[in-house]
A.B. asks: 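Got a structure for you, questions after.
Heavy atoms only: backbone and side chains are in, while hydrogens, waters and symmetry mates are out. Residue numbers begin at 1 in each chain, while the letters A, B, ... track the order of the sequences.
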Amino acid sequence: MESNMWMKIISALFLGAMLVFLLPRAKHMIQNSPKAGEGDWKAVLIPLVLLVLFVLFLITMVRT
Amino acid sequence: MSNQNISYTSSQASVLSTNKVLRNTYALLSMTLLFSALTAGVSMVVNPPHFISLVTSIAAIGLIWFVLPKTANSSKGLYVVFAFAGLMGFGLGPILNTYLNTANGGQIIMTALGGTGIIFLALSAYALTTRKDFSFMGGMLMVGLIVVLIAAIANIFLAMPALSLTISAVVILLMSGFILFDTGRIINGGETNYIMATVSLYLNIYNIFVSLLQLLGIFGSDD
């Protein structure tokens, strides 16, 4: 029980460190990412919608 | 005329260089994934305790944070990438064993593996054929990653199944976005180091696989 709590604390510290490490990079990317042009988001949304449908298909496969 | 020739030769050299980075990235990615599969297999046989997954993940991330940036431009970087992939694969062993002990665990693992392969190949093919620059997604992807990390930290202590499910689904979407983003960066010359490109794509594939495994595990279990 106690070791499980330690695992949780170490996992949280690890993810927290990841967050601290990523924050400056994220800030830089948010400030310097180019603006999306016309049709750019559409070009991303189409494959992502297909991805969602594919994952739903995989879920039905393991449920049957 | 001579200026035109110089411009043509320069753009041709750029395309050749991009193709070389792409070829090297996919070659190294295949080898590291195979090596991970091997170490995962070894780990499944050895069956180490669950905390090993956490230890190997910390060690692997430590390698790419502190060692890889210093070695990525030399051949030493290749050893670091294989050490990283080996650790990540070894950490998967206890997780895979847990799934194998459930009723349809084998089917769930194989479906997650096949699904991950199809997602990666389809998104890569899409990015390669459209040759689109997806760099405009960078900011949004990073915000998404930070939100997911905060939610994951909270869920370590909250242990809410619904939140866990949502995190897995969002990670699959985010990592798919990162595949488009990273592949677009290689194609458009934004990433010229194939070792760094391999690590990025490897992490995308690894996270999709683990999240898909979790999602299918939750929906595929009888209870």
Side-chain angles (χ1 to χ4, degrees), chain A, chain B residues 49-51 53-55 57-58 61-62 65 104 107-108 110-112 114-115 118-119 122-123 126-127 130 132-146 148-150 152-154 156-157 159 168-169 172-173 176-177 179-181 208 211-212 215-222:
Chain A
M1 189 69 185
E2 199 181 320
S3 70
N4 195 25
M5 193 61 204
W6 274 111
M7 276 267 286
K8 283 182 174 183
I9 292 168
I10 295 169
S11 300
L13 286 174
F14 174 51
L15 291 180
M18 240 183 204
L19 201 60
V20 170
F21 193 84
L22 278 175
L23 271 175
R25 200 176 157 202
K27 205 175 161 189
H28 178 264
M29 277 176 84
I30 292 162
Q31 285 167 349
N32 297 297
S33 284
K35 289 266 177 283
E38 202 179 324
D40 276 350
W41 283 113
K42 200 175 149 192
V44 173
L45 284 176
I46 292 169
L48 291 188
V49 168
L50 290 174
L51 170 86
V52 172
L53 294 175
F54 178 65
V55 171
L56 290 174
F57 166 71
L58 292 180
I59 290 170
T60 54
M61 261 181 74
V62 292
R63 280 177 79 90
T64 49
Chain B
H50 259 279
F51 75 87
S53 298
L54 181 62
V55 174
S57 296
I58 293 172
I61 296 297
W65 279 354
N104 56 346
Q107 189 205 355
I108 288 170
M110 290 320 287
T111 309
I118 291 170
I119 290 169
L123 290 172
Y126 179 74
T130 58
K132 215 170 163 47
D133 183 8
F134 293 100
S135 57
F136 65 92
M137 293 166 70
M140 191 213 65
L141 289 172
M142 275 315 224
V143 171
L145 196 58
I146 283 167
V148 160
L149 275 174
I150 294 169
I153 293 170
I156 289 174
F157 300 101
S168 296
I172 294 173
L173 278 173
S176 300
I179 289 176
L180 292 176
F181 176 81
I208 289 179
S211 300
L212 201 52
L215 214 58
L216 297 179
I218 293 168
F219 283 111
S221 66
D222 296 327

A.B. asks: Search all heavy atoms of B:G138 against all heavy atoms of A:M29 and return the closest pair with its distance.
C.D. replies: CA-CE, 3.6 Å
A.B. asks: With chain B as the partner, which of A:H28, A:Q31, A:M18, A:R25 has the greatest number of non-hydrogen pairs under 4.5 Å?
C.D. replies: A:M18
A.B. asks: With the side chain counted from C-beta on, respond yes when B:F219 and A:M61 share a heavy-atom pair under 4.5 Å apart, and no when they do not.
C.D. replies: no
A.B. asks: Kindly give the heavy-atom pair with the smallest separation between B:L180 and A:P47, and that separation in Å.
C.D. replies: CD1-CG, 4.4 Å
A.B. asks: Less than 4.5 Å to any heavy atom of chain A: does that hold for the side chain of B:L141, its backbone, both, or neither?
C.D. replies: neither
A.B. asks: Would you name the heavy atoms of B:G139 and A:S33 that are closest together and state the gap between them?
C.D. replies: N-OG, 3.0 Å
A.B. asks: I'd like to verify something: which residue of A:L23, A:V44, A:L48 has the highest number of heavy-atom pairs under 4.5 Å with chain B?
C.D. replies: A:V44
A.B. asks: Show the nearest heavy-atom pair for residues A:V62 and B:N104, with the distance to one decimal.
C.D. replies: O-ND2, 3.5 Å
A.B. asks: Could you give the distance from CG (A:D40) to CZ (B:F134), rounded to the nearest 0.5 Å?
C.D. replies: 8.5 Å
A.B. asks: Mind checking the CG-CD1 spacing from A:L19 to B:I150? Nearest 0.5 Å is all I need.
C.D. replies: 5.0 Å
A.B. asks: Quick check on the interface: out of B:I108, B:L173, B:I156, who has the most heavy-atom pairs with chain A under 4.5 Å?
C.D. replies: B:I156
A.B. asks: Please look at B:S57 and chain A and tell me whether the side chain, the backbone, both or neither of the residue comes under 4.5 angstrom of a heavy atom of that chain.
C.D. replies: both
A.B. asks: Write down the atom of A:A43, the atom of B:K132, and the distance for their closest heavy-atom approach.
C.D. replies: CB-CE, 3.3 Å
A.B. asks: Let me know if B:Y126 has heavy atoms under 4.5 Å from chain A in its side chain, its backbone, both or neither.
C.D. replies: side chain
A.B. asks: Hey, can you tell me if B:F136 and A:W41 have their rings parallel, tilted or perpendicular (30° and 60° cut-offs)?
C.D. replies: perpendicular
A.B. asks: Roughly how far, to the nearest 0.5 Å, is CZ of B:F51 from CG of A:N4?
C.D. replies: 13.0 Å
A.B. asks: Heavy atoms, side chains only, cut-off 4.5 Å: are A:L58 and B:L215 in contact?
C.D. replies: no
A.B. asks: Please name the pair of heavy atoms, one in B:A152 and one in A:L15, separated by the smallest distance, quoted to 0.1 Å.
C.D. replies: CB-CD1, 3.8 Å
A.B. asks: Between atom CD1 of B:I146 and atom NZ of A:K27, what is the distance when rounded to the nearest 0.5 Å?
C.D. replies: 11.0 Å
A.B. asks: Between atom NZ of A:K8 and atom CG of B:L54, what is the distance when rounded to the nearest 0.5 Å?
C.D. replies: 13.5 Å
A.B. asks: For a 4.5 angstrom cut-off between non-hydrogen side-chain atoms, does B:I61 reach A:F21?
C.D. replies: no
A.B. asks: Among B:I172, B:I118, B:I208, find the one that has a side chain to side chain contact (heavy atoms under 4.5 Å, CB included) with A:L51.
C.D. replies: B:I172
A.B. asks: With a 4.5 angstrom heavy-atom cut-off, is it the side chain or the backbone of B:L123 that approaches chain A, or both, or neither?
C.D. replies: side chain
